[in-house]
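Scroll down for the structure; my scribbles are underneath it.
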Amino acid sequence: RTPWAQVTVITASANLMAPALLNMWHVGCFLLFAAIPASSRKASTCSFQNNGEDSLTTPVDSLLHKVANTQKLANAPSKAKAGKVSGEFASKIAHKSPRETLARAQRQQQQTYSLTQAAKATQARMPRQDSHAKPTPSPEEAKLAPKEIAKDVTSKYAKKLENIGKGKWKDNWKSYKKLFCKSFLVVDPVGTDKITCKGKLQKAFKDSDGDKKKKGFSLTVKATSIAQDYEHAAVFSTMAVPTANGSDELVNRTDFMMIATRKKKKKIVGCISSVKTFWSRSGTAVSDRHKATKDAIRNYLQALHELGTNQSLSYFSQFAGNFTVHDPLGTEPMTSVEELMTAIPELAKLLAPNGFTVDVEGVSVAADPEYGSAHLVLNIIGGPSVDIIDIFQISEGKVKDLKAVWHIF
């Protein structure tokens, strides 16, 4: 237990429902019932299934639940009314079905429902579009599938990046440069000169190719991710960079992209308007600030893991005095701890009612040590695993800006 566990959170709802809830805390379908907003709650059709798995968190005991209740108490001037467990739900949980197939189907149904509700909650956080802000789209634009365009561009970029990294820039240069919009920006890595024309971009690859090809330079893509706005994407990879003594040094790298659309032969296609990469070499060139940034990123990811596994609430102390969080990128930014304490528990109870774990696949820091990135896998307990690529700006060991590149729908 953390010091947060010593904080007593009392609500009228918890007081009235405590006897029934404490006896049913391990019931899986009650978790789903608790996750459904009261306004849209329907009588549950699931029956009690004991799968031999203990729930990681419970609606009454989890730290995230306490945070959510604290925010509700802070925002609600009047006393909350107690909810009631429907008689149909109460009767159904008393009957245990021995069929594992039925239990598995119900778990899948719960996951689908939770994902749908999480998508609705995320969509509610998306910026509202002004109907007068943009002209009526053309027939071609009306047929667009933005997510598919973003996936296509990102996939092609990742493949070309691998091929060019292997010293095959001559065979891939023409198709690589066609991925970029007419007007574009490349900063590789962040902290170095900007490139805004394809001539300079070609020269950069030629120079690197002549040096690296002889020494077996390679690049392997580990993960790609699309943001919720479908206008941003990220590619996480590992490079083998030659050193002065002739050996190779493995370096983590993230390419963070902005994707636009353009018309090509009467079709709408995607193009890259910006690429910023986050990587740096170790050794004497890496300063104490690089190490501090990497430590801050790892501290954040550890705190996120502890939040998902009900160990601590240190996640909410990982941020600078003034910060901005886009999670997922494409939703309205959060700029206060109070907003985080409202949005994060709400999304967690819908998307991961049993909690989640975090596996850190890699961390990178840019040439400018104020910026870095990480590839993490969010493992939803009882559900799928999600690749997320985070882009960080760190100030004095705290997160000043976070862009989480992933999407729910």
Side-chain angles (χ1 to χ4, degrees), residues 35 64 68 111-112 114-129 145-151 153-155 222-236 254-260 270 274 276 278 297 300-301 303-305 307-308 315-316 318-319 323-337 339-353 355-363 371-380 383-393 399-409:
L64 278 170
Q111 292 169 13
T112 301
S114 297
L115 185 60
T116 301
Q117 295 302 309
K120 290 180 179 179
T122 302
Q123 193 166 26
R125 291 172 51 211
M126 298 287 286
R128 294 185 179 276
Q129 298 295 328
K147 181 165 65 173
E148 297 308 315
I149 288 178
K151 285 183 176 180
V153 172
T154 304
S155 175
K222 299 293 186 181
T224 62
S225 187
I226 309 298
Q228 189 62 69
D229 60 8
Y230 310 143
E231 296 176 358
H232 294 84
V235 178
F236 187 87
T254 293
D255 290 57
F256 177 53
M257 300 178 290
M258 289 186 64
I259 298 173
S274 171
K276 296 181 180 179
F278 300 81
I297 292 173
Y300 168 87
L301 297 173
L304 181 63
H305 173 79
L307 185 69
Y315 172 85
F316 298 103
Q318 300 302 310
F319 302 92
F323 68 87
T324 303
V325 171
H326 299 260
D327 191 0
L329 180 58
T331 56
E332 289 284 4
M334 293 174 281
T335 58
S336 70
V337 173
E339 286 182 278
L340 289 174
M341 285 185 169
T342 298
I344 299 300
E346 180 68 19
L347 183 60
K349 78 176 182 180
L350 294 174
L351 189 62
F356 58 86
T357 64
V358 174
D359 290 333
V360 181
E361 299 297 322
V363 175
Y371 299 91
S373 68
H375 170 212
L376 63 133
V377 177
L378 190 75
N379 304 298
I380 298 173
S385 295
V386 183
D387 283 299
I388 300 175
I389 300 176
D390 284 345
I391 309 297
F392 294 91
Q393 181 181 4
V399 177
K400 184 176 181 180
D401 186 85
L402 169 65
K403 296 177 177 66
V405 184
W406 68 294
H407 65 275
I408 296 177
F409 62 90

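Values reported hereafter were calculated over all heavy atoms of this structure, with side chains retained and with hydrogens, waters and symmetry mates removed.
Taking D401 as the reference, K403 meet the salt bridge (Lys or Arg N to Asp or Glu O under 4.0 Å) condition, with sequence neighbours excluded. Scanning for ring pair (Phe, Tyr, Trp, His ring centres under 6.0 Å) contacts around H232 gives F256, with sequence neighbours left out. In this view, F323 and F319 satisfy the ring pair (Phe, Tyr, Trp, His ring centres under 6.0 Å) rule, not counting sequence neighbours. When the side chain to side chain contact (heavy atoms under 4.5 Å, CB included) test is applied to S373, the partners found at least two apart in sequence or on another chain are T254, F278, S364, I391. The side chain to side chain donor-acceptor pair (under 3.5 Å) search around Q318 returns none, not counting sequence neighbours. Remark: D390 pairs with no residue by the salt bridge (Lys or Arg N to Asp or Glu O under 4.0 Å) rule, at least two apart or across chains. For Y315, the side chain to side chain donor-acceptor pair (under 3.5 Å) test picks out Y300, with sequence neighbours left out. Applying the side chain to side chain donor-acceptor pair (under 3.5 Å) test to T154 and every residue at least two apart in sequence or in another chain returns nothing. Take S155 and apply the side chain to side chain contact (heavy atoms under 4.5 Å, CB included) test, not counting sequence neighbours, and it matches no residue. Residues passing the side chain to side chain donor-acceptor pair (under 3.5 Å) test with S385 are N379, sequence neighbours excluded. With sequence neighbours left out, K151 forms a salt bridge (Lys or Arg N to Asp or Glu O under 4.0 Å) with no residue at all.
Taking NZ from K400 and OG1 from T324, the interatomic distance works out to 9.0 Å, rounded to the nearest 0.5 Å. From L301, atom CG reaches atom CG of L376 across 6.0 Å, with rounding to the nearest 0.5 Å. Taking CG of L378 as the reference point, atom CG of D359 lies at 9.5 Å (rounded to 0.5 Å). With values rounded to the nearest 0.5 angstrom, I344 atom CD1 is found 13.5 Å from K349 atom NZ.
Looking only at distances, a side-chain donor or acceptor of H305 sits under 3.5 Å from a matching main-chain atom of V358. Checked by atom type and distance alone, the side chain of E361 never pairs as donor or acceptor with a backbone atom of V377 at under 3.5 Å.
Pairing each heavy atom of T331 with each of P328, the nearest pair is OG1-O, 2.7 Å. What you find for D327 and W406 is that their closest heavy atoms are OD1-NE1, 2.8 Å. Nearest heavy-atom pair across I389 and A234 is CD1-O, 3.5 Å. For the pair I297 and A374, the tightest heavy-atom approach, listed with the atom from each and the gap, is CG2-CB, 3.9 Å. Closest non-hydrogen pair, Q228 versus F409, comes out as NE2-O, 3.1 Å. Taking both residues in full, the closest heavy atoms of A343 and M334 are given as CB-SD, 3.4 Å, listed atom of the first, atom of the second, then distance.
A heavy-atom distance below 4.5 Å is not found between the side chains of V386 and F356. Side-chain atoms of K147 and H407, non-hydrogen and from C-beta on, do get closer than 4.5 Å to each other. Residues I408 and L347 meet the side-chain proximity criterion, which asks for heavy atoms closer than 4.5 Å. V405 has its side chain out of reach of I226: every pair of non-hydrogen atoms, C-beta onward, lies at least 4.5 Å apart.
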Using the side chain to side chain contact (heavy atoms under 4.5 Å, CB included) rule, take I380 and L351 through it: C-alpha gap first, then chi angles, then the decisive distance, then the call. CA-CA 8 Å; I380 298 173; L351 189 62; 3.8 Å; yes
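Between the side chains of E339 and T335, at least one donor N or O lies within less than 3.5 Å of an accepting N or O.
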